[in-house]
Q: 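This structure is in structure tokens; I'll ask about it shortly.
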Amino acid sequence: QVQLVDSGGGLVQAGGSLRLSCAASGGTFSSRAMGWFRQAPGKEREFVAGITNSGSGTDYVDSVKGRFTISRDNAKNTVYLQMIGLKPEDTADYYCVGSRYSLVYSSPTSYIYWGQGTHVTVSS
């Protein structure tokens, strides 16, 4: 059983940056792809970014490409989401997720472990 603890959210002005962190404990972190989803009020949950178990491959939703970077440190059982050029439409609850697979998929059904979420608010 993998437990995920998200952190790093907060309030930032448009154009600013934040780095989200996700600390994993238990289970086999390094064998799993990891990712981030987000959900804004009144909207569907959305895949944001994913990274393969080795860190060699990543994927992003089009709206964050060039602005967000996902990375992981398998020695520290931690995954990060560096966000720059934040926009008001990035405002959401962000959830770290752990996959049942080693490769990245955007479907939420691929992810069996979910963090508690961290809130990001981007003001205009």
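Predicted model only: the values in this text are computed from it and were never measured.
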Q: Please list all pairs passing the disulfide bond (SG atoms under 2.5 Å apart) test where one or both residues lie in residues 46-84, with sequence neighbours left out.
A: none
Q: Using the ring pair (Phe, Tyr, Trp, His ring centres under 6.0 Å) rule, collect all pairs that involve residues 42-79, keeping only residues at least two apart or in two chains.
A: F37-F47
Q: Determine which pairs satisfy disulfide bond (SG atoms under 2.5 Å apart) with at least one residue from residues 45-124, sequence neighbours left out, and list them in order.
A: C22-C96
Q: Just verifying a value: how many Å separate T58 OG1 and K65 NZ, rounded to the nearest 0.5 Å?
A: 9.5 Å
Q: Listed by chain and number, what are the side chain to side chain donor-acceptor pair (under 3.5 Å) partners of R67, not counting sequence neighbours?
A: D90
Q: How far does CE of M83 sit from CG of L18, to the nearest 0.5 angstrom?
A: 4.5 Å
Q: State, with a plain yes or no, whether a side-chain heavy atom of V2 is found less than 4.5 Å away from one of L4.
A: yes
Q: Between R100 and Y113, is NZ or CZ placed under 6.0 angstrom from the six-membered ring centre and within 45° of the ring axis?
A: no
Q: Would the distance check show the side chain of T91 and the main-chain N or O of T121 forming a donor-acceptor pair, the cut-off being under 3.5 Å?
A: no
Q: Just how far is it from atom OH of Y80 to atom CZ of R72, taken to the nearest 0.5 Å?
A: 11.5 Å
Q: What residues, two or more places apart in sequence or in another chain, satisfy side chain to side chain contact (heavy atoms under 4.5 Å, CB included) together with S30?
A: N74
Q: Using side chain to side chain contact (heavy atoms under 4.5 Å, CB included) as the criterion, list what pairs up with S124, not counting sequence neighbours.
A: P88
Q: So how far is it from S99 OG to R32 CZ, rounded to the nearest 0.5 Å?
A: 7.5 Å
Q: Do we see a donor-acceptor contact under 3.5 Å between the side chains of Y94 and R38?
A: yes
Q: For the atom pair CD (Q3) and CD (Q116), what is the distance rounded to the nearest 0.5 Å?
A: 11.0 Å
Q: Atom OG of S25 and atom CG of N77: how far apart are they, to the nearest 0.5 Å?
A: 8.0 Å
Q: Taking CD in Q13 as the centre, count heavy atoms belonging to other residues, nucleotides or ligands within less than 6.0 Å. Is the count above 12?
A: no
